[in-house]
Amino acid sequence: MKNQEISEIFFRMADILEFKGEVPFKVNAYRNAARLLADLTSDIEDIWKQGKLGELPGIGKALQGKIEDYLLNNKISQYEELLKQIPKDLFLLLSIQNFGPKTAALAYKKLGVETLDDLEKAIRNGKLAELPGMGDKKIAKISKGLELLKTSQERISIGIALPVIDGIKSYLKENAGSILKRLSHAGSTRRGRETVHDIDILAESDNGPELVQIFVKMPNVTQVLGAGDTKASIILNDRIQVDLRVVKKESYGAALQYFTGSQAHNIRLRGIAKNHGLKINEYGIYDGDRKIGGEEEEDIYKLLGMDWISPELREDRGEIEAALARTLPDLVTIDDIKSDLHIHSTYSDGQLGIKEMSEIVRTFGYTFMAICDHSKSAFYANGLNEDRLYQQIEEINELNRQNKGFHILAGCEVDILPNGDLDFSDNILKKLDFVISSIHSAFETEPTKRTLAAIHNPYVDVIGHPTGRLISRRDGFAVDMNEIIKHAAETGTALEVNSYWDRLDLSDINIKKAIDNGVKLSINTDTHHPNHLPMMELGVATARRGWARKQDIINTMTLDSFRAWQKRNTI
DNA sequence: GCCGTTTTCGGCCCGACTGTTTTCAGTCG
């Protein structure tokens, strides 16, 4: 799909135009279009073929022409032209903190700075300091930014960030005592994004300076980037930046709304406020000079005539229109989840036996679970052959006889082989209660065709981690998600939302697309170790970001309705 | 660049912070 490719070009064109000193509104037009394309759940090529490009908000004549250029010629000629006029490593240079487009342009024009090395040299030989507006402190900040870029990690997974947030919250509660009132995380972690750049913490207190001091003296703070009376920024464990912002009671709601973002969502809200003759900032919502709300986050949305919007939806992907029309979806919650359907045991590569694991799973409040160990071809994971599978089914049956009020489904995560066959025959699969089917090998070999074959198998209930992406390591294999969704809808096969922190596969955008086409989803942890079980929350957050409701998720069903849903029982 | 029952021209979110300034530009979120 070309959506992503064009989106990336538009983001870069925005950077270039900004570097060239274009008016900010033009730059924003490109960024808005880039975001729209990245978030789009339908194929831009289809929209173009239907002649409906102009119906997309923010896509006018000029941008339509560029999209068309790319679809016809696989390049945007104006972008190619622009690339000739900029420093070699512009995009890298612009990622340096405290080194923005204006400074980059100045350094390029006056000193010929094209790369990080050039910049470092210009700092060392004092040339940069000779430029207008450059003082010692500014140079020092740019040096720091350059240093940070060299050592800093990529965005980190939400699965890593959330436990860090829990630790910070506990620390603050223990050490700040009565000066700390309300406390929340904000930013992209609150919105449940799969990866985050930093952690935002918001606190309510009448004593900002003291709270800030407690915060910067936290254990494992390796750098204090700044600390004032109401805010501070630190680097934790040389790894992740954490920003604290302290506000008073009357502004807490407005600040929480503001710092949760996203930026695009906030910009839309402020535009709407303006149309109503109101103004929003992080301290409250105002009618002229009169403050009319801001103590609670709900105030902001209510005063703009809309429903409160769950943080996971706040990306300006249609949630504002839905909130105004009062048609926001009733999103699935963690409390709706009644089963975890993808759990490994010591039969293959899990850490616990079925009995021990099931006892822990029960404590999550679920009423059933599925053991889905690997199949025989998964040598690397100690996959089960037919005999051991029968043995496992026997053990599960025995446990179910002993267990009242909790049921274990005998399942399997059957490999989709390179030739498109499944690793077990239908005669075996039909003996199981539940089947997940996944690709674990030969990612390059017709992954779409193989997945479709699995979808059409009458015993396959769920396609596991459908794109195979690993957030920290590799992109997904090149599956045609439109085809997979179409066939999943036709056959009544669910797609997995694998909740393991490094997978979160399907992603939010694909979840939305699946739901829009009537496909059911299965949120599972793919647990190999009991520590993985709480990751259900990550899967639920990702599903919520994809606008998933309770009725879209098979894990919210009772055991009876789940069985009635299975396609093998609907024939 | 886009957009329009206020507008086909003149708007386009808002504020903090910093550093370099004699009143503001750049960067960030």
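Here is how names work: the chains are called A, B, and so on, in the same order as the sequence lines, proteins then strands, and each is numbered from 1.
B:dT20 and B:dG26 have their C1' atoms separated by 10 Å, given to the nearest Å. Comparing B:dT21 with B:dA16, their P atoms sit 24 Å apart, to the nearest whole Å. Going from the C1' atom of B:dT7 to that of B:dC12 covers 13 Å, rounded to whole Å. Straight-line distance between the P atoms of B:dT8 and B:dG4: roughly 13 Å, to the nearest whole Å.
Taking the side chain of A:Gln97 as heavy atoms from C-beta on, and the options B:dG1, B:dT27, B:dC28, the nearest nucleotide is B:dC28.
Using a cut-off of 4.0 Å between Lys/Arg side-chain N and Asp/Glu carboxylate O, A:Arg12 and A:Asp15 are scored as not salt-bridged. Taking 4.0 Å as the cut-off between side-chain N and carboxylate O, A:Arg469 and A:Asp475 do not count as a salt-bridged pair.
Residues A:Glu210 and A:Asn207 have side chains that bring a donor and an acceptor to within less than 3.5 angstrom of each other. Side-chain contact annotation: A:Lys138 with A:Asn98, donor-acceptor N/O pair under 3.5 Å absent.
Between A:Phe19 and A:Tyr108, the angle of the ring planes lies from 30° to 60°, which puts this pair in the tilted group.
Residue A:Pro57 is the one, among A:Pro57 and A:Asp200, whose nearest nucleotide of DNA chain B lies closer to the 5' end (criterion: closest heavy atom).
With sequence neighbours excluded, the residues satisfying ring-ring contact (aromatic ring centres under 6.0 Å, His included) with A:Tyr30 are A:Phe10.
If you check every strand for non-hydrogen atoms under 4.0 Å, A:Pro24 touches nothing. As judged by a 4.0 angstrom heavy-atom cut-off over every strand, A:Leu63 is placed among residues touching the sugar-phosphate backbone only. Among the heavy atoms of the strands lying under 4.0 Å from A:Tyr30 are primed sugar atoms or P, OP1, OP2 only; no base atom is included. Within 4.0 Å (heavy atoms only), A:Glu22 reaches no atom of the nucleic acid at all. Contact annotation for A:Leu17: no contact, since no heavy-atom pair falls under 4.0 Å across all strands. Among the atoms of the strands shown, none is found under 4.0 Å from any heavy atom of A:Gln241.
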query = Which nucleotides of nucleotides 14-22 of chain B have their base under 4.0 Å from a protein heavy atom (B), which only their sugar-phosphate (S), and which neither (-), written as one string 5' to 3'?
reply = BSSSSSS--
